[in-house]
Amino acid sequence: MITSASYDVRSLARALAAELRGTVGPDTRSRALYAADASNYRAVPDLVVVPADAEDLATAVTLVAAAGAPVTMRGAGTSMAGNAIGGVVIDASRHVNRILDIDAETRTAIVEPGVVLTDLLAAAAPHGLTFGADPSSASRATLGGMIANNACGAHSVAWGTTADNVRSLDILLPDGTRCTVESVGDRAELAARPGREGDLHRRLQSFADRNELVIRRRFGQFTRQISGYALHRLLPENGYDVAGLLCGSEGGFAATLRATVALTPLPAAKVLCVLGFADSVTAAECVPVVLRHEPLTMESINIDLVERLPAEVRTAATEAGLPPGRAWLLVEMGGADRASAAVAAEKMREELRDSGSPATSSLVTEPAAQRVLWRCRTDAAGLATRRADGAEAWGGWEDAAVPPQRLGDYLRGLDDLLGRHGLSGASYGHFGEGCMHMRIDFDLLSSAGLATYREFVEQATDLVVTLGGSVSGEHGDGRARSALLGRMYGDDGVALLAEMKDIWDPGRVMNPGVIVDPPAVNAGIRHDGPAKDRKLLTLFSYADDDHDFAQAQRRCVGIGKCRQHSGGVMCPSYQVTREELHSTRGRARLLWEMLQGDVVADGWRSTEVRDALDLCLSCKGCLSDCPVNVDMATYKAEFTHHHYARRPWARPLSHWSMGWLPLSARLAAKAPRLVNRLARLPLTKRLGGIAPEREVPAFAEQSFTEWFTGRTPVTGGAKGPVLLWPDTFTNYLAPEVGRAAVEVLEAAGYDVVLPDKPVCCGLTWISTGQLSTAKKVLERTLAAVAPQVAAGMPVVGLEPSCLAALRHDAPALLPGNPVVQAVADATHTFAQFLSDWEPPHVGGQALVQTHCHQHAVLGFDAERAMMAAAGIEATVPDSGCCGLAGNFGFERGHYEVSKAAGERVLLPAVRDAAPTTAIVADGFSCRTQIAQGTPRRPVHLAQVIAAALRRG
């Protein structure tokens, strides 16, 4: 095994920096960011290289290999077996990511290794084409990584694996030789080529000829035999497929510079047949029957995963067509049109019934309903990392496959093995190809637990081998399974793998330790270290993580959904910068490394963690969009509190100017015109840490509470009193929203009352990490409203971020407070509270921006329903966070990212909206971003409804 002691890291870093236009990172932050992938393993790299383009990539690989250093190619880092960590990590995803050509006639595409699969799919879709392999990580998986691991995905039962869809690869050997390998090759012509290329082919052909019998008997026995190298691709019947051999080599042979891949025609129509069973074994027994009907997919999920979905998703799944059962198969059938696809599905269901299968079933034809059900499957890798009771579960044995006809036997044997070890796990997978994914509640935090883990995977390997299966069915061997290959292939089979490695990489510098010369399966487990023993004193309670900040950081297992380039709320700063540092995963990695303490060694004082969190918008998108509910907004607030503890002078000026906004707003209300004039001065912005490009919102000349106190009370509402929450933004900056809400609530039959004393949810202190002050503010606030809430008075709020703080943050900050949960339970959004009321007819169209805190904590269904009831044709763009995000977009140094986040979808959509289209945004930040970035002036939903009431 190559170690950093084998070569001069500093000299190599200098040489790389001198030759490359990209970045070379020997620094603490870079090494910590790339120390893990989506597996259980950790290997801190010596260097991290981010090449500027394909030529830079080639130069980097050549220099690193020449220095005798380990070359670790990395795409999105979503590998689940420890395939892409350690050594000198070269990240191709940041810049080497061009789609060079789409040829609809030949149905091919030419791509660079960093191209994300969804980008390729989007480019191919207008031509009616797709890429055959489609793993659930498609929104971040790169083609280079898919080639390295021979990724498969849901449709491989019909369209094959990545290897089946690669036509040629432009590669770089570790000695600097460039050549092209193809899926079909002329052996004689290739062997006659000069130099290293010809020598390579002569040695490959000699290897295949000498070992033909053994290869034919042991390799390529079924489609999901991914473990080891695909030696069978060299056999005559497979056309001397050298490109296919490279697929699944896990970067151990060469670096891919460019790939030509085949594209598959999209079916004209698809329907989804969902089959329900009492258990997964029963589901597996029907696989041969379903396969006879040539489905496009056959994917499994079980009750353990479905129960971990958010409640609204579970409800939507049931409504979409999830039939009774505890295990399900999602079977997709294609056809020339929807009717023919439905006929094909019905024939399959009929044969199932005739076979005596106990399956329940439903046929789902609407694409929207199909998407709901597919989410149950695509989020499985994250959902399975926690048991229903919150206990942690891990990969490591998540990828075995057996011939589909033996799947039932495998599942029965696996259940028996889990029982003997006292383990359990949530399973999902590609039943159509006999591949089962699962997360198991291994104890990876103790020596005894690690020993049990090793014993289990060795026994599970023996079970799989007896059934003619493969320890890896998709994710590759990596550190998780390479040491098990001897049990699968025997000593002579492992010797063949080593010989093949040496043909390509005689210096064994390309991703060493993977497949060939592996460490033990229980070596390098990242959870086994100081972090597991550090139960820090924190201000948030982390009740869902056993009150343990370290366990909260283990939520992120690295699957990287936060690295998606578009769609959803998470993660707005990554969508703008495309840098790992600014992804939710990157921040979680650094927090975990801070707890580990050997690379990031300064604890709460770490500047690396501070800088990584700096561009976190605290949007809470990850709380809902991350499958394991990583709550980076809370982690940021916690870290920021400790980072500046006993150092108030070190805090950014914006923490004082905007963190203390509730107090300064009360003072500003005494002389709003003067304050507004002063706030516009450049000096004021500079002293407040405010971006000079930002216009400071004006304080109202009359606050909402002043208006309410001075009005003639309206009483006698038939439906009783309701407590309207006068948040700081509504009260001092947008009182017109409060006035409109009062008008509507009274029209709906309620008596509106305000708290007897000033109240505040503490949001601005929470978001700036001033948690001690936030707790005091919350305690006073809860005491002020306790009598009214105890009397059963509902609470209605108008600002989503403040409501989210009352619902989510307050219980976590004050877990022992007797009032906090009562207030959280009593709190409603404007539309939620009026869900049973018939609003007046508004009509027309509206472009609606959902506040990210509402998306994450409160939900938006009630708002959709109210607009529909009012006759509003609402368009809700998939815009994610508006980019302003409270104090974030006002802070000096954040303007560019803030504006870019808004310009990604939201602001162009507003500018393109017709003048008659209402722009609706309940969040003050969203309205401010829109008003400062477009000519339009957005309104709160309460204002829309109030205006309709006035029109009669």
Side-chain angles (χ1 to χ4, degrees), residues 136 271-278 283 299-332 359-390 426 428 544 561 567-570 620-629 631 794 800 803-804 807-808 824-837 848 850-869 874 876 878 922:
S136 59
V271 298
L272 184 64
C273 184
V274 188
L275 306 175
F277 302 88
E299 298 291 293
S300 75
I301 54 174
N302 68 16
I303 190 67
D304 293 327
L305 294 175
V306 172
E307 287 182 343
R308 295 174 210 179
L309 289 163
E312 64 272 16
V313 179
R314 292 199 305 272
T315 300
T318 301
E319 294 172 350
L322 194 69
R326 296 183 62 81
W328 295 269
L329 293 183
L330 308 180
V331 182
E332 191 175 75
T360 61
S361 67
S362 65
L363 186 63
V364 184
T365 59
E366 292 300 322
Q370 293 178 25
R371 285 194 295 270
V372 169
L373 292 165
W374 276 118
R375 179 177 173 181
C376 301
R377 169 64 182 87
T378 56
D379 281 357
L383 293 168
T385 63
R386 293 290 169 113
R387 289 191 332 203
D389 61 3
Y428 57 99
D544 292 335
K561 189 179 179 184
V569 174
M570 176 185 71
K620 291 188 181 291
C622 48
L623 179 63
S624 58
D625 288 12
C626 172
V628 289
N629 309 121
D631 185 4
L803 288 175
R807 285 260 194 100
H808 181 259
D825 293 341
T827 299
H828 311 269
T829 70
F830 172 77
Q832 286 170 348
F833 182 71
L834 293 174
S835 59
D836 295 331
W837 176 65
V848 186
T850 306
H851 192 287
C852 45
H853 287 197
Q854 181 153 6
H855 168 83
V857 178
L858 308 168
F860 196 67
D861 289 346
E863 284 68 22
R864 291 179 189 270
M866 174 174 275
M867 287 185 284
V876 184
D878 190 9
D922 283 0

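Across all their heavy atoms, K561 and P627 have their closest contact at CD-CD, 3.8 Å. Of all non-hydrogen atoms in G321 and V274, the two that sit nearest each other are O-CB, 4.2 Å. Of all heavy-atom pairs between A283 and L329, the closest is O-CD1, 3.8 Å. Residue A278 comes nearest to R326 through the heavy atom pair O-CB, 3.4 Å, listed as atom of the first residue, atom of the second, then distance. Considering every non-hydrogen atom in both L330 and R377, the closest pair reads CD1-CB, 4.1 Å. For the residue pair T360 and P323, the shortest heavy atom distance occurs at OG1-CB, 3.6 Å.
Taken from CZ in F830 to OG in S835, the straight-line distance is 11.5 Å, to the nearest 0.5 Å. The distance from atom NE2 of H855 to atom OG of S624, rounded to the nearest 0.5 Å, is 3.5 Å. Put simply, CZ on R371 and CG on L272 are 12.5 Å apart, with the number rounded to the nearest 0.5 Å. Note that CG of L834 is 8.5 Å distant from OG1 of T829, once rounded to the nearest 0.5 Å. Within the model, atoms OH of Y428 and CG of L305 stand 8.0 Å from one another, a figure rounded to the nearest 0.5 Å. Annotation: the span from L803 atom CG to D922 atom CG amounts to 9.5 Å, rounded to 0.5 Å.
No donor-acceptor distance shorter than 3.5 angstrom exists from the side chain of D861 to the backbone of R864, with no hydrogens or angles considered. Between the R807 side chain and the T827 main chain, a donor and an acceptor come within less than 3.5 Å of each other. With hydrogens and angles ignored, the 3.5 Å screen pairs no side-chain donor or acceptor of E863 with any backbone N or O of V848. Judged by distance alone, with hydrogens and angles left aside, the side-chain atoms of D625 form no donor-acceptor pair with the main-chain N or O of G568 at under 3.5 Å. A distance-only check finds a donor-acceptor pair linking the side chain of Q854 to the backbone of G859 [under 3.5 Å]. A donor-acceptor pair is defined here as one N or O able to donate and one able to accept, closer than 3.5 Å; no such pair exists between the side chain of E299 and the backbone of V331.
Within 6.0 Å of CZ in R314 there are more than 12 heavy atoms belonging to other residues, nucleotides or ligands.
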Evaluation steps, side-chain contact (heavy atoms from CB on, under 4.5 Å), between D631 and H808: CA-CA 11 Å; D631 185 4; H808 181 259; 2.9 Å; yes
Test side-chain contact (heavy atoms from CB on, under 4.5 Å) applied to W328 and L373, step by step: CA-CA 11 Å; W328 295 269; L373 292 165; over 6 Å; no
